[in-house]
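Residue numbers run from 1 in the order of the sequence given. Model, not experiment: these values are computed from the prediction.
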Amino acid sequence: MGALAVLVLAGLALAWSGIVNIAASTGHWAITDWFLHWSMRNTVRTYAALTVQAPATDPTGLVSAAGHYAATCATCHGAPGERPSPVMQSATPDAPDLAQAAVTWSDKELFWIIRNGIKFTPMPAWPALAREDEVRRMVAFVRRLPTMTPETYRMLAYGAGGVPAGNPQAFDDALADCERCHADGGRDQPDIPVLGGQKPAYLLDALRGFVAGDRPSGVMSAAAARVDAAMMRALAEHYGKLPGLIEDRDMPQAANTAQEQALVERIVANGLPEHDLPACVKCHAPGKRPDYPVLAGQKESYLAARLRLWRGDPEIVEARQPNDSMAMIARRIPEHLVAPLARHYASTR
């Protein structure tokens, strides 16, 4: 016991003395580097096996993942045809080249690393831990880096135009940053919503919510943080004037069964009192609040995904679920009617 106390005191004295060199410029001893990476890999393997549910990857939304990677990850990790920043490569440890490192991890392990980050390294956790759908899309993107060409990467990350580096100062630069994902109604991506014709007040409120963390999204919180308040307002006004969604429009018959459509129309007009579910038109109809979104003509895939995100994990008790209005409403929609309801509103496209 006395020997242990002496060792503890000796360790404290060594730390107090300040002679242990913690400079990143000196790197780690080889044994230290091996031990830290060995420990990290063991931890990732164990936690990925115990906590990550399959599927850990989703290849249907590579554009949003690529855009986020280009804006926030490529500085450290590099990208096809783009070298990482020499500044970030001077960190200890430096960020790995994912074109080489990705093949050494399973999908579940990549998911755990991207979502949770790694302590004592530059690798951060995902900014919105609840958005596991975004993490799955990033896993799919990283998995493709070893074989991705520079041309494919640039098309995924930037689209047809170029995107300026850093925070955009001019409107055209800010718009180009948005258009990398939102051009042409979302570049045919199921996870990217149509913005054209949306209410400017809603778009502005959404951007503010992303920055404040009230509206969880790792991708959009980073994108919205790159523009100031005046630019947010200008972008919201711009997209509101574009063709796309039209609020005051007759809804044609959706591709639902007759039984599904009858129930959906009941939800839209009157709600389901037996489920304490209010009618959709109380908020989402012409003449309602300007900060409530237009749904008519929005993508079916996006609407259904948003409703399921609000519904959350059904295994979590109600008292521990989010209590904001849309989360509570979404949980009251019967699961078998989520897709038909999304199809109903999307049927105007």
Q: Can R343 and E260 be counted as an ion pair, charged N to O under 4.0 angstrom?
A: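 Answer for the salt bridge query: yes.
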Q: Salt bridge between R137 and D191, side-chain N to carboxylate O under 4.0 Å?
A: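 D191 and R137: salt-bridged.
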Q: Which label fits H238 and F171: parallel for a plane angle under 30°, tilted from 30 to 60°, or perpendicular past 60°?
A: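 Answer is perpendicular, since the angle exceeds 60°.
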Q: Taking E109 first and then R45, would you say they form a salt bridge - that is, a charged N and a carboxylate O separated by under 4.0 Å?
A: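 A salt bridge is absent here (no side-chain N lies under 4.0 Å from a carboxylate O).
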Q: Assess the residue pair R266 and E274 against the criterion (salt bridge (charged side-chain N to carboxylate O under 4.0 Å, His left out)); give the C-alpha distance rounded to whole Å, side-chain angles, the decisive distance to 0.1 Å, and a yes or no.
A: CA-CA 12 Å; R266 182 184 168 203; E274 64 271 27; 2.9 Å; yes
Q: Of all heavy-atom pairs between P340 and N256, which one has the smallest distance, and what is that distance?
A: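 Closest pair (atom of P340, atom of N256, distance): O-ND2, 3.1 Å.
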Q: Does NZ or CZ of R41 come closer than 6.0 Å to the centre of the six-membered ring of W38, within 45° of the ring's axis?
A: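 Relative to the ring axis of W38, which defines the angle, R41 lies outside at least one limit.
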Q: Are the side chains of V268 and V264 in contact, using a 4.5 Å heavy-atom criterion?
A: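 V264 vs V268: side chains touch.
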Q: In terms of heavy-atom contacts, does NE2 of H37 have more than 12 from other residues, nucleotides or ligands at under 6.0 Å?
A: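 Atom NE2 in H37 is not crowded, with 12 or fewer foreign heavy atoms closer than 6.0 Å.
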Q: Looking at side-chain heavy atoms only, is the closest gap between C280 and I267 below 4.5 Å?
A: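 The answer is yes; the side chains approach within 4.5 Å.
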Q: Parallel, tilted or perpendicular: which describes the rings of H284 and Y292, with under 30° parallel and over 60° perpendicular?
A: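 Rings of H284 and Y292: tilted, as their planes differ by 30° to 60°.
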Q: Identify whether the distance between the nearest side-chain nitrogen and carboxylate oxygen of R308 and E335 falls below 4.0 Å.
A: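 Yes, this pair counts.
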Q: Find the distance between CZ (R180) and CE (M155) and round it off to the nearest 0.5 Å.
A: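 Between R180 CZ and M155 CE, I get 13.5 Å after rounding to 0.5 Å.
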Q: Under 30°, 30 to 60°, or over 60°: which ring-plane class applies to Y239 and H182, parallel, tilted or perpendicular?
A: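 Aromatic pair Y239/H182 classed perpendicular.
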Q: Parallel, tilted or perpendicular: which one describes the rings of W126 and H68, with boundaries at 30° and 60°?
A: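 Aromatic pair W126/H68 classed tilted.
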Q: Treating R331 as the side-chain partner and R311 as the backbone partner, does any N or O pair qualify as donor plus acceptor under 3.5 Å?
A: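 No; judged by distance alone, with no hydrogens or angles, the pair does not exist.
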